[in-house]
Amino acid sequence: MALKLEDLHNYNTLVATKGEEDEEPTPVLLLNKYRIRLLPLSSLPFVQNYSNISQLSLNSDDVLVIDSPIGATEKYSKKSIENSKKSMIKEEDESMEMEEDKENEGGEIGPLVTSFLTLEKLQKGAPLNDIEIVGLDCEVQFFDANPIPFEDGVSLQRFLRLESSAHFSPAVDKLPIWISTISQNIPSVCWIASGRTQKNVQFSGVTRVIGHFNEINQKLIKQLNEAAGAAQVNRYRAVYDGIRKIATPTRESPGEVIIDMRWNTKSSLVLLEQPDNAADCIIKIDLGWRDNRFFIDESIFEQLFFVLNLADVLANPEKEVIFPVEYVKFGDLVKEMDEIVEACSHEDNNFLQALTYGKIKSHVQEGNKSHLASLIRASKTCDFRMPILERLSTIEMMMEIGVETDELTFILKTCENELTTGEGALNSSVVSLLPITMALATVNQIFGLLNEKDYVLLPELARRVLTKFTSGMIEKAKRGETETDYTFETTLPLLRMSKEKFMDKRPRIWTCENMSTVGAHCQTRIMTSLELESSMEHVSRIVNAGRPIREIVETEETQRKPTIEELNADY
């Protein structure tokens, strides 16, 4: 029976809706031997490193991915790993108790009484939300692939080229095919691809794993590029991580900041080539949801979500008020207010001095001397504190970078008016704070990446961010949805960027693309990709097996920084 597109879509739906306790859905099989899935081309490891996937001009954005239904290595579910950890800890505790009983027989304390501190004990003994163990429960996410032997992949590709119409419906038969393969020796082929382009021209391709970065592999890469044909232009790309998307128990929907640089040269290929000042820097900011790493003032983060929670409880009384971790008791608030009133009754108090003599500090743009900006900066450096629910504190960054008060007022009013019908007047006035606060966090990230002389760009960028976030929230509200997707992207030349703010790190991904043509037609296309972290487990295992072990320095006298060759070997 021919495989239908509907079968593949149904399998994807089952995978997407599977709970942690549910069993794995039965895969769709080809020839009762191979697993076959329908996946976006942009989700495939290494292929997704292309600067513009659409330029590959395949006849579909989705491809058939074929591999084995059984993993090449033993895989444990998250639950089984946790159970094994708990079992080990329990056995250790029981063993310790038995040893202690033996030592303490007769009522005497033995000479050695030992106790081990486990992560479980540490968390159990600590107050709720009092500590966060960085890295605990952070998992490395690999692309789900069970590669088949390379020889089998070649045979399968040849078979499908001749017999695919007998096994696939017409809608499936026209899709490009990517076969996941493995071979023990380097160079190892991890993808075999075939299909047709938008112009119905047949194509085939492979992805070779060369190994780690070293002098021998540099020569091999140059030979492969030369064999593919002379290219007129090298298209480079370097991807830097500003903030990484790492989930933790207290950060379930993390955001990220990525600086994606592209530039071209007509010179010969140079691995890990540095960009020139004309390079385009695509700044991609995803705030995630409730990720406090994006807020320069964490109190703003806590205030926003506390107020949103209060509004939610008022609208839905069955829900519970969640107080901030370090909330102040009412008696303490009264005492603090009395102290503020007393302090403000004296002419020499810090707050009045700050206003009189301009002793203020700003997050951005010291040149903004408006009365409102002065009040804001005074609240940051002096004893004076603004009320916790004051709208001013959620828009202070916008005021300091030059967005006018009437613009923000208009945005707030627009949000409230549009949201009132669906959310209720009280809730809409609170929810309307979201786009402004999220824009504040976004502009702060851009501010940290710019050269000082280019801060003049901030007001216009702030307006673009506010417009995008406001319109996005209103559109979703009209459909009865809640906006939790706050992403922004802009492109600036490297000349305007503060290189030391992000280029002190190494690029996570570095690529070079070139293409040889015959007339107006592409003959060959080749991409060289260097990665610090591979998203395919079996590729990481093969490369790491041949990677040199860096010498561990034990004494301060012999401490040294890694050489360029040692650092490059991480790719």
Check against side chain to side chain contact (heavy atoms under 4.5 Å, CB included), Leu567 and Arg506
CA-CA 9 Å; Leu567 289 174; Arg506 294 178 291 173; 3.8 Å; yes
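- Listed by chain and number, the residues in a ring-ring contact (aromatic ring centres under 6.0 Å, His included) with His9 amount to none (sequence neighbours excluded).
- Summarising the local packing, CD of Glu252 is surrounded by 12 or fewer heavy atoms from other residues, nucleotides or ligands at distances under 6.0 Å.
- For the pair Tyr486 and Leu434, the tightest heavy-atom approach, listed with the atom from each and the gap, is OH-CB, 3.7 Å.
- Annotation for Gly255 and Asp291: closest pair N-OD2, 2.9 Å, computed over non-hydrogen atoms.
- The stretch residues 492-501 participates, sequence neighbours left out, in these side chain to side chain donor-acceptor pair (under 3.5 Å) pairs: Asn277-Lys499, Asp454-Arg496, Ser498-Glu500.
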How far apart are the C-alpha atoms of Thr265 and Tyr236, what are their side-chain angles, what is the distance that settles it, and do they pass the side chain to side chain contact (heavy atoms under 4.5 Å, CB included) test?
CA-CA 8 Å; Thr265 68; Tyr236 291 109; 3.1 Å; yes
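- Of all heavy-atom pairs spanning Phe143 and Met536, the tightest one is CD2-CE, 4.4 Å.
- With Arg37 as the fixed residue, the side chain to side chain contact (heavy atoms under 4.5 Å, CB included) test singles out one of Asp67, Val15, Asp62, Val63: Asp67.
- Panel note: side chain Asp22, backbone Gly19; a donor-acceptor pair is recorded below 3.5 Å.
- Remark: Met261 CE to Cys281 SG distance equals 5.5 Å, nearest 0.5 Å.
- Crowding of Ile216 atom CD1: a count of heavy atoms from other residues, nucleotides or ligands under 6.0 Å not exceeding 12.
- Atoms CD1 and CZ, from Ile246 and Arg293 in turn, are 6.5 Å apart once rounded to the nearest 0.5 Å.
- Shown here are the side-chain contact (heavy atoms from CB on, under 4.5 Å) partners of Asp61, two or more places apart in sequence or in another chain: there are none.
- Residues satisfying the side-chain contact (heavy atoms from CB on, under 4.5 Å) criterion with Arg464, sequence neighbours excluded, are Glu460, Leu461, Phe488, Thr490.
- Counting only residues at least two apart or in different chains, salt bridge (Lys or Arg N to Asp or Glu O under 4.0 Å) contacts with residues 526-535 comprise Arg244-Glu533.
- Residues forming a ring-ring contact (aromatic ring centres under 6.0 Å, His included) with Phe502 (at least two apart in sequence, or on another chain): Tyr240.
- Identified under the salt bridge (Lys or Arg N to Asp or Glu O under 4.0 Å) test for residues 155-176, with sequence neighbours left out: none.
- Pairs of residues two or more places apart, or lying in two chains, never qualify as ring pair (Phe, Tyr, Trp, His ring centres under 6.0 Å) while including a residue from residues 18-56.
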For salt bridge (charged side-chain N to carboxylate O under 4.0 Å, His left out), just list the numbers for Asp570 and Arg547, CA-CA rounded to whole Å, side-chain angles, deciding distance to a tenth of an Å, and then say yes or no.
CA-CA 8 Å; Asp570 291 338; Arg547 197 187 302 277; 5.1 Å; no
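- For the atom pair CG (Asn225) and CG (Asn234), the distance works out to 7.5 Å, reported to the nearest 0.5 Å.
- With hydrogens and angles disregarded, a donor-acceptor distance shorter than 3.5 Å links the side chain of Asn544 to the backbone of Ser540.
- For Ile210 against Pro187, the heavy-atom pair with the smallest separation is CD1-CB, 4.4 Å.
- A donor-acceptor contact shorter than 3.5 Å links the side chain of Ser155 to the backbone of Glu151.
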List the steps and the verdict of side chain to side chain donor-acceptor pair (under 3.5 Å) for Thr524 and Ser516.
CA-CA 5 Å; Thr524 58; Ser516 63; 2.5 Å; yes
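- In terms of modelled atom types and a separation under 3.5 Å, the side chain of Asn568 and the main chain of Glu565 share no donor-acceptor contact.
- The side chain to side chain contact (heavy atoms under 4.5 Å, CB included) test with Ile258 singles out one residue from Ile283, Asp241, Asp286, and that residue is Asp241.
- Side-chain N or O atoms of Arg251 include none that pairs as donor or acceptor with a backbone N or O of Arg290 at under 3.5 Å.
- Listed for the Trp178 side chain is no donor-acceptor partner under 3.5 Å among the backbone atoms of Leu41.
- Annotation: side-chain contact (heavy atoms from CB on, under 4.5 Å) contacts of Ala171 (sequence neighbours excluded): Leu5, Ser169.
- Around the CD atom of Gln523, the shell of radius 6.0 Å holds more than 12 heavy atoms that belong to other residues, nucleotides or ligands.
- Side-chain atoms of Thr511 and Ser529 form no donor-acceptor pair, as typed in the model, at a separation below 3.5 Å.
- Considering CG of Leu530 and CD1 of Ile221, their distance stands at 6.0 Å, rounded to 0.5 Å.
- Counting all heavy atoms, side chain and backbone alike, Ser43 lies closest to Leu39 at OG-CB, 4.0 Å.
- A distance-only check finds a donor-acceptor pair linking the side chain of Asn10 to the backbone of Glu6 [under 3.5 Å].
- Of the possible polar contacts, one joining the Ser471 side chain to the Lys468 backbone as a donor-acceptor pair under 3.5 Å is found.
- Residue pairs meeting the side chain to side chain donor-acceptor pair (under 3.5 Å) criterion with at least one member in residues 197-214, sequence neighbours excluded: His212-Asn214, Asn214-Asn217.
- The main-chain N or O of Leu175 is never found under 3.5 Å from a side-chain atom of Asn59 such that the two would form a donor-acceptor pair.
- Judged by distance alone, with hydrogens and angles left aside, the side-chain atoms of Glu566 form a donor-acceptor pair with the main-chain N or O of Thr563 at under 3.5 Å.
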Before giving the answer on side chain to side chain contact (heavy atoms under 4.5 Å, CB included), spell out for Trp263 and Leu494 the whole-Å C-alpha distance, their side-chain angles and the decisive distance to 0.1 Å.
CA-CA 10 Å; Trp263 71 101; Leu494 181 58; over 6 Å; no
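- No hydrogens or angles considered: a donor-acceptor pair under 3.5 Å links the side chains of Asn52 and Ser54.
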I would like to know whether Ile282 and Arg262 meet side chain to side chain contact (heavy atoms under 4.5 Å, CB included); could you show each step before the answer?
CA-CA 8 Å; Ile282 305 172; Arg262 286 86 179 292; 3.8 Å; yes
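- Counting all heavy atoms, side chain and backbone alike, Gln157 lies closest to Ile192 at NE2-CG2, 3.1 Å.
- Crowding of Lys33 atom NZ: a count of heavy atoms from other residues, nucleotides or ligands under 6.0 Å not exceeding 12.
- Residues meeting the side-chain contact (heavy atoms from CB on, under 4.5 Å) test with Arg235, sequence neighbours left out: Val233, Asn264, Glu513.
- Phe159 pairs by the ring-ring contact (aromatic ring centres under 6.0 Å, His included) definition with His167, not counting sequence neighbours.
- Rounded to the nearest 0.5 Å, atoms CG (Leu30) and CG (Leu156) are 6.5 Å apart.
- The CG atom of Leu457 sits 6.5 Å away from atom CG of Leu492, with the distance rounded to the nearest 0.5 Å.
- Side-chain contact, Asp280 with Thr491: no donor N or O sits under 3.5 Å from an acceptor N or O.
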